[in-house]
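Just below is one structure, and these are the notes that go with it.
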Amino acid sequence: MSNFNKNNTHEVHYDAIVIGAGIAGLTVVLELAKENKQVLILDAQDEANVGGLARSAFGGMALIGTQEQKRSGIIDNAEIALKDWHAFAHFNEDDIYPKQWAKLYVERSYQDVYQYVKKLGVKFLPAVNWVERGLYAAGNSVPRYHVIWGTSLELVNKILAAIAPFKDKNIHFRFNCKVNQLLTEDKNSNKVIIGCQDNEHNKYLAANTIVASGGFTGNLTKVKQHWPKHFSPAPNNMLNGTHPSCDGAMHDEVSKLGGSVTHLDKMWNYAAGIPHPTPKFEHQGLSLIPCKSALWLDSTGKRIGPEPMVTGFDTNELCQRMSEQKQGYAWQVLNWRIASKEFAVSGAAHNQMIRDKKLFTMLKETLFGNHRLVKQMQHESDHFLVANSVDELTDKMNSITEKNHIKAQVLQQTLNDYDAILSRPSAQWNDDQIRRIEHARKWKPDKLRTCKPHPIQDEKHGPLIAIKVSLISRKSLGGIQTNLNSQVLNDNATPIKGLYAIGEASGFGGGGSNGEKSLEGTFLAGCLLTAQQAAKSININLVYNEKKNQDKQ
Ligand SMILES: Cc1cc2nc3c(=O)[nH]c(=O)nc-3n(C[C@H](O)[C@H](O)[C@H](O)COP(=O)(O)OP(=O)(O)OC[C@H]3O[C@@H](n4cnc5c(N)ncnc54)[C@H](O)[C@@H]3O)c2cc1C
């Protein structure tokens, strides 16, 4: 399998080479090894980071027609889901491949994601959450966001356990190995991909090369370069909610070889980021799940409106409105009671009770409030301010901005106006945020995590809290265009021989299967789906070629 060529570069031959050992890369190597293929999987990071972003992801998945949905009385099917998907995607006529992948997702999520991970031993929490309900267009008509018990780290560990018997027999890992070039050969003036080369000039050759290198939103320069045109310009203080390994370099490499890379302006960012208290890389941020009952205020302390900002309906819309904030940030003002009930941070690291499967503590914190997390944020983050009066809060807010933008009277008036509504009998509550909170609370899992509306300045629910939030990057919805076999397509929609793309690198299929907005939780699932489609195609092609060679002999 291995030899040195005349340039003394190390050449190794496999059935397939996978660039990136994230969840997509791990899934494809497992499926290829099951069919006795020889596979090399390369990753720029060290072994401790195997699994890529899925190690730190939360583990929510949009799934359709599951037992958990049925037990909660939810009627869902591919038809309903596809309608919802299109309502959010805003596909245009040319989006042939994104549309095909969207259809495949809703039709196959039950077998190829839900059943697939269950067979690996993954379990889901019984409560199905209702995210992205839609704002101006319908989103998820029904709840379908399923949370993995153990977060997606559990999924990574289960896949690694399934890989273990094949390790060093069929599946060969190589870490700390950054690929910088795809290798080609001209056949009848058509480019055929024959492998790749790493930073140390080692060449890896195979009939099939699979790009599983993730998205590009860990590269803030690229995020700003492709920033959606209908948003206000990307703010300078944007945070990085991904990882620098998601730099988009392989997208460029594929593009150089004629692969079509599409919809890079479609991204799934978040509106409420704060700087990571102990950053491991530049601009690293934490993405907060904003509290539905918190008021979003502009830099002067006025409520952002007239349409209030409320999470859980349309993340993309929240991001667009955040991009309009002149100073590049907004405030969320709330009280301790709201924070303990509703505040959360996206990802496994701040959801330890789910990650570490501590059922009792998780239930206790859901029912009585997660005071532990609120205290942690108060202690760790200088963007999370706690005060006993509006004056004290104003001083603290001004202390972390360049100028004293907040006037205590303005902030006081904002809070008084909102609290005045809530001091009336509930039949007279006339405010769109409160209407949405009340609608959310009708769904039991949301009721458990959303406070009964009450005045923010209610002393028994104090102290007051202000959080300074800004935009944070997260997922690339666009990417390398692929057909349903995960083969990379050129501008004429012809597959480039020997080249595949999966996972976030492929925009979760087709170079942008989510279109403009995701129904949320379509990312990990999209990685599993695109990886399995690639493996099926490669397995069939390799068997076919072997047979052809045998027939020739
Ligand atoms: C905090 C957080 C929470 C999330 N929560 C959810 C959630 O609840 N639900 C959901 O669906 N999604 C979630 N996501 C998104 C989801 O985790 C990702 O979309 C998914 O894991 C991407 O997997 P991937 O395998 O395509 O890419 P990645 O996980 O990015 O893996 C790509 C790998 O390729 C390697 N690589 C890159 N370039 C090269 C190169 N040139 N040479 C060699 N190796 C290279 C990288 O080191 C990396 O290990 C979350 C993401 C984050 C960050």
Side-chain angles (χ1 to χ4, degrees), residues 2 9-10 12 14 16-30 32-33 38-59 150-182 195-204 206 209-220 240-251 253 276 278-286 347-349 352 355-356 473-476 502-505 524 527 531:
S2 166
T9 56
H10 193 197
V12 193
Y14 296 92
I17 296 165
V18 179
I19 305 167
I23 198 72
L26 293 178
T27 307
V28 77
V29 295
L30 174 62
L32 291 168
Q38 285 293 327
V39 199
L40 175 71
I41 177 161
L42 308 165
D43 201 288
Q45 300 185 72
D46 59 25
E47 190 166 1
N49 293 306
V50 64
L53 296 184
R55 291 193 80 79
S56 54
F58 180 51
T151 69
S152 56
L153 181 60
E154 171 82 353
L155 175 61
V156 171
N157 287 335
K158 294 287 186 202
I159 293 195
L160 287 174
I163 280 176
F166 300 104
K167 209 172 160 194
D168 301 329
K169 293 186 192 123
N170 294 78
I171 301 177
H172 309 271
F173 281 92
R174 192 147 179 198
F175 294 101
N176 301 309
C177 174
K178 188 166 169 83
V179 171
N180 61 8
Q181 203 188 338
L182 293 173
C196 58
Q197 177 174 290
D198 67 18
N199 273 343
E200 284 158 19
H201 304 291
N202 294 311
K203 289 181 178 173
Y204 307 95
T209 301
I210 306 165
V211 178
S213 51
F216 68 87
T217 51
N219 179 342
L220 290 181
N240 188 340
T242 315
H243 188 272
S245 65
C246 309
D247 59 7
M250 291 311 298
H251 291 65
E253 192 56 22
H276 199 295
T278 50
K280 293 199 176 64
F281 51 85
E282 210 183 7
H283 306 303
Q284 185 180 5
L286 289 176
Q352 300 101 311
R355 184 195 62 195
D356 302 340
S473 71
R474 186 46 65 83
K475 297 148 201 168
S476 322
I502 58 174
E504 197 165 333
L524 292 163
C527 289

Is a donor on one side and an acceptor on the other found under 3.5 Å between the side chain of Thr217 and the backbone of Ser473?
no

Is any side-chain heavy atom of Arg55 less than 4.5 Å from a side-chain heavy atom of Val50?
yes

Which heavy-atom pair separates Val18 from Gly25 by the least distance, and what is that distance?
CG1-CA, 3.7 Å

Hey, is the main chain of Ser476 close enough, under 3.5 Å, to the side chain of Glu504 for a donor-acceptor pair?
yes

Hey, are the side chains of Ile210 and Val39 touching, using non-hydrogen atoms and a 4.5 Å cut-off?
no

Just wondering, do Phe173 and Ile163 contact through their side chains at under 4.5 Å, heavy atoms?
yes

With side chains defined as the heavy atoms from C-beta onward, is the minimum distance between Glu253 and Val211 less than 4.5 Å?
no

Among Val156, Ile23, Leu53, which residue meets the side chain to side chain contact (heavy atoms under 4.5 Å, CB included) test with Leu524?
Ile23

NE2 (His172) and CD1 (Ile17) are apart, to the nearest 0.5 Å, by 11.5 Å

Value rounded to 0.5 Å, distance of CD1 in Ile41 from CZ in Phe175:
7.5 Å

For the side chain of Gln38 and the backbone of Lys169, is there at least one donor-acceptor N/O pair under 3.5 Å apart?
yes

When rounded to the nearest 0.5 angstrom, what distance separates CD1 in Ile19 from SG in Cys177?
9.5 Å

Kindly compute the distance separating CG (Asn49) from OG (Ser56), expressed to the nearest 0.5 Å.
9.0 Å

Please lay out, stage by stage, how Phe166 and Val29 fare under the test side-chain contact (heavy atoms from CB on, under 4.5 Å).
CA-CA 10 Å; Phe166 300 104; Val29 295; over 6 Å; no

So do Asn157 and Leu153 actually touch side chain to side chain, heavy atoms under 4.5 Å?
yes

Hey, is the main chain of Gln197 close enough, under 3.5 Å, to the side chain of Gln181 for a donor-acceptor pair?
no

Which atom names give the shortest non-hydrogen contact between Ala16 and Leu32, and what distance separates them?
CB-CD1, 3.9 Å

Arg474 side chain to Gly241 backbone, donor-acceptor under 3.5 Å
yes

Can you spot which of Asp46, Asp43, Asp247 makes a salt bridge (charged side-chain N to carboxylate O under 4.0 Å, His left out) with Lys178?
Asp247

SG-NZ distance between Cys246 and Lys475, expressed to the nearest 0.5 angstrom:
11.5 Å

When rounded to the nearest 0.5 Å, the distance separating SG of Cys527 from CD1 of Ile502 is 8.0 Å

So, for Ala162 and Pro165, which heavy atoms are closest and what is the spacing to 0.1 Å?
O-CD, 3.2 Å

For the pair His243 and Phe281, name the ring-plane relationship: parallel under 30°, tilted 30 to 60°, perpendicular over 60°.
perpendicular

Going by heavy atoms in the side chains, are Leu182 and Met250 under 4.5 Å from each other?
yes

Heavy-atom closest pair, residues Gly248 and Phe216
CA-CB, 3.6 Å

